[in-house]
Amino acid sequence: MITSVKEILEKAKKGGYAVGAFNTVNLETTRAIVEAAQELRSPVIIQITEKTMEYAGGRGIFHLVKNDAEFYAPEIPIGIHLDHGKSFEIIQRSVAIGFTSVMYDGSRKVFADNLEITKKVVDFCHKKGVVVQGELGNVPYLGEMELKDVNWEKYMTNPQQAETFVKTTGIDALAVAIGNAHGFFKERATPDFDRLDMISKSCAIPLILHGASDWENGRVAEVIRRGISCFNIDTAIRLAFANNLINSVNNQEGSGFDLRKLLGEAREAVKETVKFKIKLFGSDGKA
Ligand code: G3H
Ligand code: 13P
Ligand code: ZN
């Protein structure tokens, strides 16, 4: 059942649990996320990046997600979201396709520019009933810089700026940087929990943690307690899919390489990973 992302996030915030925002790239990862949500009766967000729109076709992948959510999980709240939209044009294109939730990622811009463009995106989107996630501070990517070069202070969300950013732009959710990083990347030894407390106090909207694939039980519970309502998961899905596929291909001697069997098994591996994350976040049974 397609449901507003805002409603899914606010319910999680009120309920003291978090939801997963899972990145899909194709038919297999989409069905895996939908079936995991259905089996655990968990709300989920399924998200699509610009690169995936280029790979799969924006309209095609959007309608694949919508169809699978409606057909295979008719009673489970599922939100569809544009992840890391980096320009006003991609936001316009996504809204034209039918997305009702988008992220505008201006995190690589200076504060004033991020604020100005995010506000422009919110003004455009809210008129059309579309909700917006912004990002302040910035969540580094694996491969973006040398590990030894990371000066975490430079990446962190500033709590005072966050208050101004949320009030001025009118965003509906905020991605925060507290020492988290995309990919299996060596993150800051300990997340800056005090900073998260300050951001939570000054911003009443749901807070999102990107780069969450390698976050374990203790940390997850700690940041939920301190105000995180959603974790973004991509790398864990990629690894589950790829590792399973490599093993299956290596064990397929003389079988005729039935792609439906190979990809079907990879889909099951992704489903197990998504189910593991749903339980970790505590959203099972919350549909
Ligand atoms: O942060 C989001 C993704 O991990 C990046 O994915 O390669 O589809 O842009 P992408
Ligand atoms: P991971 O790379 O840790 O899975 O993070 C995904 C993400 O933040 C997508 O927006
Ligand atoms: Zn991200």
Side-chain angles (χ1 to χ4, degrees), residues 5 9 18-26 28-30 32-33 36 44-58 60-62 64-65 79-87 90-91 93-94 99 101-109 114 118 132-145 147 150 155-157 171 173-188 191 206-217 219-220 223 228-243 269-270 273-278 280-281:
V5 165
L9 291 176
V19 291
F22 298 100
N23 287 71
T24 190
V25 294
N26 60 13
E28 288 75 22
T29 49
T30 300
I33 301 163
V44 290
I45 295 165
I46 302 184
Q47 54 187 9
I48 298 164
T49 65
E50 283 188 59
K51 268 201 224 160
T52 296
M53 286 167 81
E54 276 166 33
Y55 168 73
I61 188 87
F62 175 84
L64 171 70
V65 174
I80 312 181
H81 175 73
L82 169 73
D83 189 26
H84 290 286
K86 295 231 172 64
S87 66
I90 189 71
I91 303 288
R93 190 173 152 229
S94 304
F99 284 82
S101 176
V102 297
M103 174 187 192
Y104 171 68
D105 175 2
S107 62
R108 298 307 191 259
K109 298 191 183 305
N114 186 6
T118 304
V132 180
Q133 177 186 142
E135 178 168 330
L136 186 67
N138 107 45
V139 181
Y141 286 86
L142 181 64
E144 195 180 36
M145 79 279 289
L147 265 184
V150 181
Y155 286 91
M156 301 286 192
T157 306
I171 50 170
L174 177 69
V176 297
I178 55 166
N180 42 320
H182 289 102
F184 289 140
F185 184 97
K186 196 162 174 17
E187 310 196 331
R188 191 177 186 265
L207 303 178
I208 317 294
L209 194 108
H210 285 239
S213 273
D214 48 358
W215 277 52
E216 293 297 339
N217 212 343
R219 274 190 186 188
V220 164
V223 297
I228 292 292
S229 302
C230 173
F231 293 91
N232 278 18
I233 303 290
D234 185 11
T235 304
I237 289 176
R238 295 181 189 202
L239 282 185
F241 193 96
N243 285 334
V270 171
T273 298
V274 172
K275 285 170 86 170
F276 175 79
K277 295 293 180 188
I278 286 174
L280 189 63
F281 304 151

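Just follow the structure's listing: the first ligand is 1, and inside any ligand the first atom is 1.
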Margin query: Please work out, at 4.0 Å between heavy atoms, whether the side chain, the backbone, both, or neither of His84 comes within that distance of ligand 1.
Written below: side chain
Next item on the list: Answer with side chain, backbone, both or neither: which part of Asp83 has a heavy atom less than 4.0 angstrom from an atom of ligand 1?
Entry: side chain
Margin query: What I want to know is whether His182 and ligand 1 share at least one N or O pair that is separated by under 3.5 angstrom.
Written below: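 N/O-N/O distance under 3.5 Å: yes.
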Next item on the list: Pick one of side chain, backbone, both or neither for how Ala212 approaches ligand 2, counting any non-hydrogen atom pair under 4.0 Å.
Entry: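 Near ligand 2, Ala212 shows its backbone, while the atoms from C-beta on stay back.
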Next item on the list: Tell me which part of Ile233 gets within contact of ligand 2: side chain, backbone, both or neither, using heavy atoms under 4.0 Å.
Entry: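 Just the backbone.
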Check: What N/O/S atom of His210 is the closest to the Zn ion (ligand 3)?
Finding: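 Of all N, O or S atoms belonging to His210, ND1 is the one nearest the Zn ion (ligand 3).
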For [X], the ligand 2 atoms whose distance to one of its heavy atoms is below 4.0 Å:
X	value
His210	8 (O), 10 (O)
Gly183	1 (P), 2 (O), 3 (O)
His84	10 (O)
His182	2 (O), 5 (O), 6 (C), 7 (C), 8 (O)
Asp234	1 (P), 4 (O), 6 (C)
Thr235	1 (P), 2 (O), 4 (O)
Asn23	9 (C)
Asp83	9 (C), 10 (O)

Margin query: As a quick check of understanding, evaluate side chain to side chain contact (heavy atoms under 4.5 Å, CB included) for Arg93 and Met53, giving each step before the final call.
Written below: CA-CA 10 Å; Arg93 190 173 152 229; Met53 286 167 81; 4.2 Å; yes
Quick one, [X] and [Y] - any side-chain contact, counting heavy atoms below 4.5 Å?
X	Y	result
Ser94	Glu50	no
Phe241	Asn26	yes
Val25	Ile61	no
Val223	Ile178	yes
Val220	Phe231	yes
Pro140	His182	no
Ile48	Leu82	no
Ile237	Phe22	yes

Check: How wide is the angle at the Zn ion (ligand 3) between NE2 in His182 and NE2 in His84, to the nearest 10°?
Finding: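 Rounding to the nearest 10 degrees gives 100°.
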Minimum-distance protein heavy atom relative to [atom]:
atom	answer
atom 8 (O) of ligand 1	Thr49 OG1, 2.6 Å
atom 3 (C) of ligand 1	Asp234 OD2, 3.1 Å
atom 6 (O) of ligand 1	Arg238 NH2, 3.2 Å

Next item on the list: Answer with yes or no whether the side chains of Asn23 and Asp83 bring together a donor and an acceptor at under 3.5 Å.
Entry: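 Present: a donor and an acceptor within the cut-off.
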Checklist line | Donor on one side chain, acceptor on other, Gln133 and His210, under 3.5 Å | finding: yes
Notebook entry, point to check: Which is closest to atom 8 (O) of ligand 2 in terms of heavy atoms, Ser213, Ala236, Gly211?
Noted result: Gly211
Check: Got an N/O contact under 3.5 Å between Asp214 and ligand 2?
Finding: no
Next item on the list: Run the numbers on Val176 and Leu136 for side chain to side chain contact (heavy atoms under 4.5 Å, CB included), then give the verdict.
Entry: CA-CA 6 Å; Val176 297; Leu136 186 67; over 6 Å; no
